Amino acid sequence: MSNSATLSARERIERLVDANSFVEIGGMVTKRNTDFNMQEKAVPADGVITGYGIVDSDLVYVYSQDVTAMNGSIGEMHAKKIASLYDMAVRAGAPVIGLIDCAGVRVQEAVDALAGFGEIYMAKIRAAGVIPQISAILGSCGGGVAISSRLSDITLMDAEKGHLFVNSPNAIDGNRVEKLDTSAAAFQAESGNVDIVCQGEEEVMAKIRQLIGILPANAAASAETEPGDDLNRMLTGFDGYAADAQKALTQIADDMTFIELKAEYGKEMVVGLMKLAGVTVGAIANSAEAVLSTNGCKKAEQFMYFCDSFEIPVITLTNVKGYASDLEEEKTIAQAVADMTYAFANADVPKINLITGDAYGSAYVAMNSKHIGADLVMALEKANVGVMDSAAAAKILCEDEIKGAEDAKKALEERKKEFDALQAGADAAARRGYVDNMIEGDSVRKHLIYALQMFGMR
């Protein structure tokens, strides 16, 4: 794997943080190992630069692996520096950003290096849900380092030079890198191991700065800023966005800025972060396919736990008709939906559900419905809530009548209209208390802001 880098480890940090704000910690630390003539090899800062700096007035802790020092490989002291940085960050209540460019374990240090991996894993696990952790893969990130990157909350990857792998493509039976580069950003993004793919290091740094601006500094910190967008902005034509979750969320967000995560994985579900009246919120929405899939549910589940850990309220846009249906999905979909349902029901943060289109069957129940603990449920006036679509329901309820009618098509249409009037529309669910409010599409942003304010957000 190539570890070539345009910027040095220190230059990367300087590009990331505000000018002249970085303070290095442990710059004199170096290896202790002397096996294999290691005493004769210079390893500046033991292959990793660690310290803290400022990103738009926010304190962050950063480590950047130095590919010019034994290929940035992780040895005993390299790992201790990272683990120590985590301890400082937890005490300070500030995020940790890892800039990864690493050949993996430092073989010369054997078990000491493996112990170092354990120290890093434990430091990241202790920090989970306490401070945000961001990993940026700028070069090689293989083996145990790949595991470390997945212990972060958000992983970014440079599509040009990043390589993420547990096993090198050429080490996988029946594969060669020329056949399928399993370490490439495209493959790893589709597999759900990368949250954001960027075209070059400049974009990586810009996206990290954007994330720092939207994430809370720690689990106890507020993620509120002064809103720069009109709180009463109307969303002209929003009713037409039910099948385009990304566009709908972009329209709702402050300054029309929605940061989507895992865009290439589980495309039946859309998740991401945005500001609403200056408050950071998580968003989960069904995509145009309008079905729950295994990967989509896993994506929503993981994101729900992340938001709950950092007290980030969640808004869902529901437009779901059923489940993805094929042999592979049938093996996994029940557990995936159950896990997502548990994540919604178990979360303590404010949960607001907006039904934008169809909401049918148990798939609707699992999608942050009132029945599993949503705090507030709204629906667009054109939305439908029911056990199934009216045509299917009419065929089941009136099968014999329709078969015996002179004009079966007309009879079906009449029974379909009857079902629509009695149970299909969202207003029927509202009459039973399952929907709290019916709203017009152009007022969605205002109503969501009102809901956040009701729950004490700003």
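In this text, all values refer to a predicted model and were calculated from it rather than measured experimentally. Quick note: residue numbers are just sequence positions, from 1.
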Do we see a donor-acceptor contact under 3.5 Å between the side chains of [X] and [Y]?
| X | Y | result |
| --- | --- | --- |
| Ser149 | Ser135 | no |
| Asn368 | Asn353 | no |
| Tyr342 | Glu301 | no |
| Ser191 | Asn193 | no |
| Ser287 | Glu268 | no |

Inset, instruction - Among His163, Arg12, Gln65, find the residue that satisfies the side chain to side chain donor-acceptor pair (under 3.5 Å) test when tested with Asp101. - result: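 Result: among His163, Arg12, Gln65, Arg12 is the only option passing the side chain to side chain donor-acceptor pair (under 3.5 Å) with Asp101.
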Backbone N/O of [Y] and side chain of [X]: donor-acceptor pair under 3.5 Å:
| X | Y | result |
| --- | --- | --- |
| Asp254 | Gly278 | yes |
| Ser369 | Ala366 | no |
| Ser152 | Thr155 | no |
| Lys179 | Gly174 | yes |

Legend entry - Ring geometry between His371 and Tyr434 (parallel below 30°, tilted from 30 to 60°, perpendicular above 60°):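 The rings of Tyr434 and His371 stand perpendicular, inter-plane angle above 60°.
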Inset, instruction - Anything under 30° is parallel, anything over 60° is perpendicular, the rest tilted; go ahead and classify Tyr61 against Tyr52. - result: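 Rings of Tyr61 and Tyr52: tilted, 30 to 60°.
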Legend entry - Enclosure of Lys382 NZ (heavy-atom neighbours >12, cutoff 6.0 Å):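 Atom NZ in Lys382 is crowded, with more than 12 foreign heavy atoms closer than 6.0 Å.
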Legend entry - Audit row: Glu264, Val197, side-chain contact (heavy atoms from CB on, under 4.5 Å) steps and yes/no: CA-CA 9 Å; Glu264 300 303 318; Val197 175; 5.9 Å; no
Legend entry - Carboxylate-amine/guanidinium proximity below 4.0 Å for Asp153 and Lys124: no
